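Below is one structure; the comments refer to it alone.
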Amino acid sequence: MDFTLTEEHKLIRDAARDFADSELLPGVIERDNKQQFPKELVKKMGDLGFLGIMVDPKYGGSGMDTISYILIMEELSKIDASASVIVSVNNSLVCYGLERFGNEEQKQKYLTKLATGEFLGAFCLSEPEAGSDATSQRTTAIKKGDHYILNGTKNWITSGGRADVYLVIAQTDKHKGSHGINAFIVEKGTPGFDIGPKEDKLGIRGSDTHTLQFNDVKVPKANRIGEDGAGFRFAMKTLSGGRIGIAAQALGIAAGAYELALKYSKERKAFGTEICNHQAIAFKLADMYVDIEAARHLVMKAAWDKDQGNNYDVSSAVAKLFASKVAMEHTVEAVQIHGGNGFVKEYHVERLMRDAKITQIYEGTSEIQKIVISRNLIKE
Ligand code: CAA
């Protein structure tokens with residue numbers, strides 16, 4: 001067992017850190033206030049290879065491993081979780097989904113553009129009545145000759161108004177339950193495909209979240225991903241990798257808040273000394289450090305499992321469950337350590353606290369992660 005990062009991993013982590021400090025940090029408060037999508041920054045992240053991190057270079061990707069992906073995610077998330085969720089969805093849900101389950105024609109047509117940042121992708125599974133209960137898809141995809149006709153509504157779609165390519169999960173044969181579900185590639189601008197209003201959110205306010213409507217949307221059969229009925233398995237497998245990305249995002253949010261709290265506690269004085277010298281604060285810092293280290297090891301383990309070709313359904317759920325809990329608890333503590341300043345936007349910790357909450361909800365709530373983990377324990 002070797003806990004040392006390779007020189008290449010350190011270089012990638014440092015490049016992501018430099019980008020986050022120099023490019024994401026300057027406008028992050030304004031983007032949060034105005035709910036402004038970081039369009040130019042997404043382009044720059046594409047140029048750096050951050051949008052197709054794990055994709056094979058033959059499809060325009062960076063050809064890196066999952067460890068590299070989580071190192072990048074952690075560094076971006078310390079500063080701007082709105083930017084990092086765009087990276088996470090494009091990498092681990094859209095690019096990975098297409099690279100693993102798509103055919104060669106689909107990869108040439110879409111993956112090559114998604115991996116370079118020329119296109120942005122969205123993953124459309126959640127519905128008004130099918131959030132956690134993903135099997136209960138109401139969106140239908142009825143086969144008509146060499147096309148499918150899609151009807152239904154998708155909710156809370158990250159990059160919903162900005163994406164060029166949408167991976168849409170829909171029910172083709174409801175009598176077959178999860179085995180009657182398909183996944184499709186739908187291009188923006190397809191007639192009948194409408195983008196609803198943007199959501200006004202608690203956190204990750206710079207990311208672009210929308211409801212999507214499908215009214216008799218004609219999608220060629222060539223755009224179905226995998227065999228007929230393979231859509232639910234596609235969604236579950238893709239989400240297992242997505243959960244590693246969100247776990248790394250949660251880790252970054254927690255670590256970012258901790259770094260700010262540590263720095264602040266060494267500068268701020270009360271009762272004649274820096275507040276880090278008071279045990280009430282010092283013990284909070286110790287608790288934060290321990291939990292963040294533990295979260296980092298779980299996230300690394302899940303990424304390592306994926307890179308080794310091991311099953312990572314459980315390790316990704318464990319990492320996401322724990323890292324998101326740590327992010328929520330310790331961003332609250334970081335605000336507390338900052339006192340009144342913690343409640344003020346310019347100190348950044350209140351934004352990290354608001355951003356932390358979504359990591360316990362999207363790509364499977366904490367309760368869903370417990371279902372995944374416990375079912376596997378009982379099965380063994
Ligand atoms: N890999 C392969 N197959 C899997 C699988 C996996 N990880 N998980 C389940 N399956 C298979 C099962 O083996 C089963 O197949 P058989 O019928 O052949 O046995 C089939 O799929 C159905 O599985 P379940 O019976 O376990 O299904 P369920 O209805 O009980 O639901 C669930 C399982 C884990 C709760 C699932 O519904 C789930 O993950 N829900 C959460 C959905 C979610 O994460 N949504 C996030 C939205 S995306 C998002 O947030 C993106 C964004 O923009 C940020």
Side-chain angles (χ1 to χ4, degrees), residues 52-55 61 64-74 77 84-85 87-102 111 114 121-126 130-135 137 156 158 167-169 178-179 181-183 225-227 229-251 295-325 358-380:
I53 298 165
M54 296 167 288
V55 176
M64 294 190 255
D65 57 8
T66 315
I67 299 282
S68 307
Y69 170 52
I70 62 163
L71 291 170
I72 294 169
M73 278 299 296
E74 180 181 347
S77 306
S84 74
V85 71
V87 169
S88 183
V89 167
N90 201 71
N91 273 283
S92 47
L93 296 183
V94 180
C95 285
Y96 178 80
L98 276 175
E99 189 166 19
R100 168 136 185 220
F101 295 100
L111 182 59
L114 287 159
F123 185 83
C124 314
L125 174 68
S126 302
S132 291
D133 184 8
T135 326
Q137 292 288 303
W156 312 296
T158 302
L167 304 190
V168 183
I169 320 296
S178 67
H179 295 275
I181 291 172
N182 279 307
I225 303 171
E227 294 300 309
F232 192 71
R233 188 171 177 275
F234 161 84
M236 289 298 109
K237 273 283 159 227
T238 305
L239 273 167
S240 286
R243 288 166 187 165
I244 301 176
I246 301 304
Q249 180 187 48
L251 166 65
R296 188 172 286 115
H297 284 93
L298 289 175
V299 177
M300 287 277 181
K301 170 65 168 54
W304 181 85
D305 274 338
K306 183 161 173 284
D307 287 338
Q308 295 300 310
N310 300 336
N311 188 308
Y312 51 93
D313 293 338
V314 174
S315 54
S316 62
V318 170
K320 182 180 182 290
L321 177 66
F322 188 73
S324 60
K325 179 170 174 279
I358 192 62
T359 66
Q360 295 184 304
I361 298 173
Y362 59 19
E363 302 206 17
T365 61
S366 296
E367 292 74 12
I368 289 295
Q369 308 313 321
K370 289 183 189 179
I371 290 180
V372 172
I373 297 162
S374 60
R375 279 188 183 170
N376 272 276
L377 295 177
I378 295 159
K379 192 172 78 183
E380 274 171 6

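Everything numeric in this text was worked out from a predicted model, so none of it was measured.
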For residues [X] and [Y], report the shortest heavy-atom separation together with the two atoms involved.
{"X": "D65", "Y": "I53", "value": "O-CG2, 4.5 Å"}
{"X": "A134", "Y": "I181", "value": "O-CD1, 4.5 Å"}
{"X": "S77", "Y": "A248", "value": "OG-O, 4.4 Å"}
{"X": "A317", "Y": "V372", "value": "CB-CG1, 4.0 Å"}
{"X": "A122", "Y": "T158", "value": "CB-O, 3.5 Å"}
{"X": "A295", "Y": "L251", "value": "CB-CD1, 4.2 Å"}

The test is side-chain contact (heavy atoms from CB on, under 4.5 Å); show your working for M73 and V299 and say whether it passes.
CA-CA 11 Å; M73 278 299 296; V299 177; over 6 Å; no

For residues [X] and [Y], determine if any side-chain heavy atom of one lies less than 4.5 Å from a side-chain heavy atom of the other.
{"X": "C95", "Y": "L111", "value": "yes"}
{"X": "L239", "Y": "L125", "value": "yes"}
{"X": "L167", "Y": "F234", "value": "yes"}
{"X": "W156", "Y": "I361", "value": "no"}

[X] side, atom [atom1]; [Y] side, atom [atom2] - distance, nearest 0.5 Å:
{"X": "R243", "Y": "S88", "atom1": "CZ", "atom2": "OG", "answer": "12.0 Å"}
{"X": "Y69", "Y": "I244", "atom1": "OH", "atom2": "CD1", "answer": "8.5 Å"}
{"X": "D133", "Y": "S126", "atom1": "CG", "atom2": "OG", "answer": "11.5 Å"}
{"X": "N91", "Y": "L114", "atom1": "CG", "atom2": "CG", "answer": "10.0 Å"}
{"X": "F123", "Y": "I169", "atom1": "CZ", "atom2": "CD1", "answer": "4.5 Å"}
{"X": "N311", "Y": "N376", "atom1": "CG", "atom2": "CG", "answer": "7.5 Å"}

Between [X] and [Y], is there a donor-acceptor pair closer than 3.5 Å when you use the side chain of the first and the backbone of the second?
{"X": "S84", "Y": "Q249", "answer": "no"}
{"X": "S324", "Y": "L321", "answer": "yes"}
{"X": "N90", "Y": "G121", "answer": "yes"}
{"X": "K320", "Y": "G245", "answer": "no"}
{"X": "Q137", "Y": "A130", "answer": "no"}

Working for side-chain contact (heavy atoms from CB on, under 4.5 Å), residues Y312 and T66:
CA-CA 12 Å; Y312 51 93; T66 315; over 6 Å; no

So which pairs with a foot in residues 300-313 pass salt bridge (charged side-chain N to carboxylate O under 4.0 Å, His left out), sequence neighbours left out?
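Applying salt bridge (charged side-chain N to carboxylate O under 4.0 Å, His left out) to every pair that reaches into residues 300-313, excluding sequence neighbours, yields K237-D313, K301-D305.
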
I'd like to know whether M54 forms a side-chain contact (heavy atoms from CB on, under 4.5 Å) with E99, so could you lay out the CA-CA distance, the side-chain angles of the two residues, the decisive distance to 0.1 Å, and finally the verdict.
CA-CA 10 Å; M54 296 167 288; E99 189 166 19; 5.7 Å; no

